Amino acid sequence: MKFGFIRTAAATPNIRVADCRYNADNIIECISEAYGNETELIVFPELAVTGYTCGDLFLQRRLIASALEGIEKIKKYLKDKNIITVVGFPFEYLGNIYNCAAVLFKGMTLAVVPKSYLPNYNEFYEMRWFKEALKDTILIDFLGEEVPFGTDVIIRSESMPEFTLGVEICEDLWSVIPPSLNHALAGAVIIANPSAGNEITGKDTYRKSLVESQSARIIGGYVYACAGEGESTTDVVYSGHNIICENGITLNEAKRFNNGIIYADIDVYRMCGERQRNTSFRTNDADYTVVEIDFIPGEGEIDRFIDPAPFVPKDLLKRAKRCDEIINIQAYGLKKRIEHIGCKNVVIGISGGLDSTQALIVTARAFELAGMDKRGIIAVTMPCFGTTDRTYNNAVSLVKELGATLKEINIKKAVTQHFEDIGHNADIHDLTYENSQARERTMVLMNMASKYKGFVVGTGDLSELALGWATYNGDHMSMYGVNCSIPKTLIKYLIQYVSDTTEDKQLRAVLNDILDTPVSPELLPPDENGEIAQITEDVVGPYELHDFFLYNMMRLGFEPDKIFYMAKSAFKGKYDDSVIYKWLRNFYWRFFSQQFKRSCLPDGPKVGSVSLSPRGDWRMPSDASVNTWMEVLDKIKEEYKF
């Protein structure tokens, strides 16, 4: 796949217990189907060549020999195919039988990996037939090749070294210290697990949580292939519960009791980026055998859900929980600052827009938590040239419903006088016209804070900080910015959550109207109908695009071409490619050119995994050049003829 995606598959073929020829043929049939679907890694169940439930037949030489014949047949089929195949089989070495997985590629055996932990309890009694893995990995002669035999083996692509594979088998995952932990620390980004876990009531839930948690723990991909229908069911039933996870998230899960193949595109670049950021993840492959292969990733298109709103949980219950948690983080952070300073008042500018609404909600919650009188919240509305009746009325109503103290200061006269002082024509609606209003409002707030012996609560959000959509020493400045790490796309849901959970009908009505109001700084005069004329997203672009760009650039470290590629998938049918490109280019230019504003941000609570605080998550030179990123964007422009 493109841009670091690897198409993986977990396959449960139809099998007959102890019929290795039949099983090998069905495994080949699955490989053929997966290869036709541009799969690059396919994993089959534990002992898939023979069947897991052969019992004492594992002690029959004919079965062991037939299993080798099956592996050889599969290997020959793979001779000219760029698909890594992991398949379980029993293997005899120096008089002992091992429960193994063969890693096959282009007609070669890359490794034979034995199982480390053999279950010998309840319905399992593997120690009756098998030996645990040797302590050290050795080289053995396997079907005419010198092959690593052991657990400490990593398969790595020469052309794409980020794609590294490790193998553990079934019970290994359920052990106290799974081998995959060491595999990951040795560099394996994807773990293949051929398994034969049977079904009992509730086991599927635990199995899924185990695979998810292990993929999160290793910061990697995990492909779990489970035995299914066709295994002997003397006392046990198998369901083919295949699972593919990436860093704690299930990408695909098979419907149980149905043999077949599931697919998922694992992003190995993302996993490598996550590991680089995690200083606790300390790689060491000193004791590992690394097998380099000439695997070349394909050029196929990804088939994976790309979340267009990565900051916003899709599940309604999770979203509600997240919203409540975020508001509490904001409020407790502000509460601490209020108590530390020992003031009884704070000052906040109220515009009737999303950001100031969220900031006022948080401030009211902080005062409640501190047991303070909410009349100590001095909410200041400062109408000027661009203020509309709608936003003004919403601001006034919001303050009233939340129990804060409303102060109205019309700044038209002060701004007009300022224009005269600096010799600016008030009929020229340029940046000076807009910034003069923003800075006058901040001066009013700062001086009001002095008057009331309090401090100014900032309202600007993460998206605005990323784009530099703030007036330096204007709305850019405060003593504590409660929204500083909340993106615009999430602000809406936070306010919606408060609206949905409040019992105050008047407050709900005000919040809903604020949610329906276009985002605007209201620094330009209204249109002839008295409506907002200055729409922010018409100037800087859709916030849902910018938040998507921000998350994938900052959180995951992706390059512009990968972000563009993913955005095309995420916003297919909503934005043309040229529109996505236009705003992506705009995003990078603004992000780099506006760093100086972020280098001197006020304190504010970190609430998520992306933050632009110069003291925490983002340390960037204010004068860093954007040219390296623009070169990639220029290539996109040339390729698409924009």
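Remember, it's a predicted structure, so these values are computed and weren't measured experimentally.
In this structure a side-chain-to-backbone donor-acceptor pair under 3.5 Å is missing from Glu162 to Tyr269. The backbone N or O of Asp389 lies less than 3.5 Å from a partner atom in the side chain of Asn393, making a donor-acceptor pair. For Thr363 (side chain) and Ala359 (main-chain N/O), a donor-acceptor pair under 3.5 Å exists by modelled atom type. With hydrogens and angles disregarded, no donor-acceptor distance shorter than 3.5 Å links the side chain of Ser478 to the backbone of Val457. Not a single donor-acceptor pair under 3.5 Å links the side chain of Ser599 to the backbone N or O of Pro621. Remark: the backbone N or O of Ile361 is not paired with any side-chain donor or acceptor of Arg365 at under 3.5 angstrom.
Every residue meeting the side chain to side chain contact (heavy atoms under 4.5 Å, CB included) condition with Ala184, not counting sequence neighbours, appears here in chain and number order: Ile218, Arg275, Phe281. Looking at residues two or more places apart in sequence or on another chain, you find no ring pair (Phe, Tyr, Trp, His ring centres under 6.0 Å) involving Tyr332. Residues meeting the side chain to side chain contact (heavy atoms under 4.5 Å, CB included) test with Ala309, sequence neighbours left out: Asp307, Val312, Lys314. Not counting sequence neighbours, the partners of Thr502 by the side chain to side chain contact (heavy atoms under 4.5 Å, CB included) test are Asp504, Leu507, Arg508.
Side-chain contact check for Phe587 versus Pro560: every heavy-atom pair is 4.5 Å or farther apart. Contact annotation: the side chain of Phe642 approaches that of Asp577 to within less than 4.5 Å [non-hydrogen atoms, C-beta and beyond]. Side-chain contact between Arg304 and Glu246 is present, with heavy atoms from C-beta onward closer than 4.5 Å. Residues Asp603 and Arg615 have side chains in contact (heavy-atom distance under 4.5 Å, counting atoms from C-beta outward). Within the 4.5 Å cutoff, the side chain of Glu253 has heavy atoms near those of the Lys208 side chain. At a threshold of 4.5 Å between non-hydrogen side-chain atoms, the residues Cys245 and Thr250 count as touching. Considering only heavy atoms from C-beta on, Leu490 comes within 4.5 Å of Ile326 through its side chain. Within the 4.5 Å cutoff, no side-chain heavy atoms of Arg270 are placed close to those of Ile219.
Taking CG of Leu317 as the start and CZ of Arg319 as the end, the distance is 10.5 Å to the nearest 0.5 Å. The CD atom of Gln358 sits 10.0 Å away from atom CG of Leu360, with the distance rounded to the nearest 0.5 Å. Here Leu251 contributes atom CG and Ile249 contributes atom CD1; the two are 8.0 Å apart, rounded to the nearest 0.5 Å. The distance from the CD1 atom of Ile409 to the SG atom of Cys384 is 12.5 Å, given to the nearest 0.5 Å. Here the CG atom belonging to Leu210 is positioned 10.0 Å from the CD atom belonging to Glu212, to the nearest 0.5 angstrom. Note: Ile486 CD1 to Leu462 CG = 9.0 Å, rounded to the nearest 0.5 Å.
Taking a cutoff of 4.0 Å between a charged side-chain nitrogen and a carboxylate oxygen, Lys505 and Glu401 do not qualify as a salt bridge. Of the charged side-chain nitrogens involved, at least one lies within less than 4.0 Å of a carboxylate oxygen, so that Asp617 and Lys606 count as a salt-bridged pair. Taking 4.0 Å as the cut-off between side-chain N and carboxylate O, Lys492 and Asp516 do not count as a salt-bridged pair. Taking 4.0 Å as the cut-off between side-chain N and carboxylate O, Asp475 and Arg441 do not count as a salt-bridged pair. In summary, Lys562 and Asp267 engage in a salt bridge, as defined by a charged side-chain N under 4.0 Å from a carboxylate O.
Heavy atoms only, all atoms of each residue included: Asn410 and Pro383 are closest at OD1-O, 3.4 Å. Closest approach of Leu550 to Phe311, counting heavy atoms only: CD2-CZ, 4.4 Å. Here the closest heavy-atom approach between residue Trp618 and residue Ser611 is recorded as CB-O, 3.8 Å. Nearest heavy atom pair, residue Asp265 against residue Asp303, reads OD2-N, 2.6 Å. The two residues Asn473 and Arg439 make their nearest non-hydrogen contact at O-CG, 3.9 Å. Residues Ala570 and Phe548 come closest through the heavy atom pair CB-CE1, 3.9 Å.
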Check: residues 339-350 side-chain donor-acceptor pairs under 3.5 Å, at least two apart:
| from | atom 1 | to | atom 2 | distance (Å) |
| --- | --- | --- | --- | --- |
| Glu339 | OE1 | Lys335 | NZ | 3.3 |
| Glu339 | OE2 | Lys335 | NZ | 3.2 |
| Asn345 | ND2 | Tyr452 | O | 3.0 |

Fill in: Stepwise side chain to side chain contact (heavy atoms under 4.5 Å, CB included) test for Ile266 and Tyr222
CA-CA 9 Å; Ile266 293 176; Tyr222 204 103; over 6 Å; no

Fill in: Criterion side chain to side chain contact (heavy atoms under 4.5 Å, CB included) on Thr471 and Thr442, from CA distance to verdict
CA-CA 10 Å; Thr471 301; Thr442 300; over 6 Å; no

Worksheet entry | Derivation of the side chain to side chain donor-acceptor pair (under 3.5 Å) call for Asp421 and Gln417 | CA-CA 6 Å; Asp421 293 341; Gln417 179 62 51; 2.9 Å; yes

Worksheet item: Under the side chain to side chain contact (heavy atoms under 4.5 Å, CB included) criterion, do Met477 and Met446 qualify, and how do the steps go?
Response: CA-CA 9 Å; Met477 189 50 60; Met446 291 291 181; 3.8 Å; yes

Worksheet entry | side chain to side chain donor-acceptor pair (under 3.5 Å) between Gln214 and Arg217, worked out | CA-CA 5 Å; Gln214 189 66 1; Arg217 191 175 181 85; 5.0 Å; no

Worksheet item: Under the side chain to side chain contact (heavy atoms under 4.5 Å, CB included) criterion, do Tyr588 and Met553 qualify, and how do the steps go?
Response: CA-CA 10 Å; Tyr588 272 98; Met553 186 273 281; 3.6 Å; yes

Practice prompt. Check step by step if side chain to side chain donor-acceptor pair (under 3.5 Å) holds for Gln496 and Asp500.
Written response: CA-CA 6 Å; Gln496 187 66 62; Asp500 292 341; 3.0 Å; yes

Discussion item. Under the criterion side chain to side chain donor-acceptor pair (under 3.5 Å), I'd like the reasoning laid out for Asn483 against Asp355: C-alpha separation, chi angles, the key distance, then a yes or no.
Written reply: CA-CA 7 Å; Asn483 294 334; Asp355 292 346; 4.8 Å; no

Worksheet entry | Derivation of the ring pair (Phe, Tyr, Trp, His ring centres under 6.0 Å) call for Phe592 and Trp629 | CA-CA 10 Å; Phe592 274 79; Trp629 289 262; 4.8 Å; yes

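Taking the six-membered ring where tryptophan is involved, the planes of Tyr565 and Phe3 are tilted, since the angle between them lies from 30° to 60°.
Ring centers of Phe549 and Phe591: at least 6.0 Å apart, outside the cut-off.
The side-chain contact (heavy atoms from CB on, under 4.5 Å) with Ser622 is formed by just one residue from the set Gln594, Arg598, Gln595; it is Gln595.
Listed by first and then second residue, the side chain to side chain donor-acceptor pair (under 3.5 Å) pairs that reach into residues 543-552 are Ser463-Asp547, Thr489-Asp547, Glu544-Lys574, Glu544-Tyr575, sequence neighbours excluded.
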